[in-house]
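Notes to accompany the following structure.
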Amino acid sequence: MFKFFDKKFIVFLMVGILNTFFGLVILFFLSLTDIDTWLVLLISQLVGLAFNFFTTGNYVFNITNLKLVPKFLVVSIFIYFLFLFSINLILPFVSNRTIAIIILVIPFALLNFIIYSGFVFKKKK
């Protein structure tokens, strides 16, 4: 049973903050180059996803098997589109996009944790 104050979930949130910071740093430094914007975004996303896979897998679930990368990518893409859909769904009921994101960020962190622990980084018994 999932507990909101489970140590693993707290570590997951802390790693999520680290991952976000890392992604923003990569995006910032790439934005200072002459690389086209689309390529800056693509590189930062790919580097960020790789970093996220290893930090989440290693520090949260103690698993970094590269065979899990396809599952990780599928879940990440699924969560992305579900988050986008959810933002657009509640946008008519809130004052702006930022408020919609703030409302959804904790439920989506919980959803990410549940999916990652139950599907991507599930330990075999």
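All figures in this text were calculated on a predicted structure; none of them were measured in a lab. Side chains are part of it too, since the values below use all heavy atoms of this structure and drop only hydrogens, waters and symmetry mates.
Among all heavy-atom pairs drawn from Leu13 and Ala109, the shortest one is CD2-CB, 3.9 Å. Across Asn58 and Asn62, no two heavy atoms sit closer than the pair O-OD1, 3.0 Å. When every heavy atom of Gly57 is checked against every heavy atom of Phe121, the shortest pair comes out as CA-CE2, 3.4 Å.
With a 4.5 Å cut-off on side-chain heavy atoms, Asn112 and Phe12 count as touching. Counting only heavy atoms from C-beta outward, the side chains of Leu91 and Asn88 approach each other to under 4.5 Å. Considering only heavy atoms from C-beta on, Phe61 stays 4.5 Å or farther from Lys122 through its side chain.
Among pairs with a residue in residues 16-48, those fulfilling ring-ring contact (aromatic ring centres under 6.0 Å, His included) read Phe22-Phe51, at least two apart in sequence or across chains. Residues in residues 78-99 take part in these ring-ring contact (aromatic ring centres under 6.0 Å, His included) pairs, two or more places apart or across chains: Phe83-Phe108.
Taken together through direct or relayed side-chain contacts under 4.5 Å among Ile, Leu, Val, Met, Phe, Trp and Tyr, Ile114 and Phe9 form part of one hydrophobic cluster. Under the 4.5 Å side-chain heavy-atom criterion for Ile, Leu, Val, Met, Phe, Trp and Tyr, Leu24 and Leu41 are members of distinct hydrophobic clusters. Residue Leu27 is not grouped with residue Ile101 when hydrophobic side chains (ILVMFWY) are merged at heavy-atom distances under 4.5 angstrom, including chains of intermediate members. No continuous path of ILVMFWY side-chain contacts below 4.5 Å connects Val47 to Phe54, so the two sit in separate hydrophobic clusters. A continuous path of ILVMFWY side-chain contacts below 4.5 Å connects Val69 to Val75, so both sit in one hydrophobic cluster.
Note that the CG atom of Leu104 and the CG atom of Leu89 stand 9.0 Å from one another [nearest 0.5 Å]. How far CG of Leu30 is from OG of Ser44: 6.5 Å, rounded to the nearest 0.5 Å. Residue Asn65 holds its CG atom at 10.0 Å from NZ of Lys71, rounded to the nearest 0.5 Å. For the atom pair CG of Leu73 and CG of Leu49, the computed distance is 6.0 Å after rounding to the nearest 0.5 Å. In this structure, OH in Tyr116 is found 14.0 Å from CD1 in Ile63, a value given to the nearest 0.5 Å. Between atom CD1 of residue Ile77 and atom CG of residue Leu82 there is a gap of 13.5 Å, rounded to the nearest 0.5 Å.
Looking only at distances, no side-chain donor or acceptor of Asp36 sits under 3.5 Å from a matching main-chain atom of Leu39. Checked by atom type and distance alone, the side chain of Thr56 never pairs as donor or acceptor with a backbone atom of Phe53 at under 3.5 Å.
Counted by atom type alone, Thr55 and Asn19 present one or more donor-acceptor pairs between their side chains at under 3.5 Å. Counting only N and O atoms by type, the side chains of Thr64 and Tyr59 include no donor and acceptor under 3.5 Å apart.
Of the listed residues (Thr33, Leu32, Thr37), just one forms a side-chain contact (heavy atoms from CB on, under 4.5 Å) with Ile35, and that residue is Thr33.
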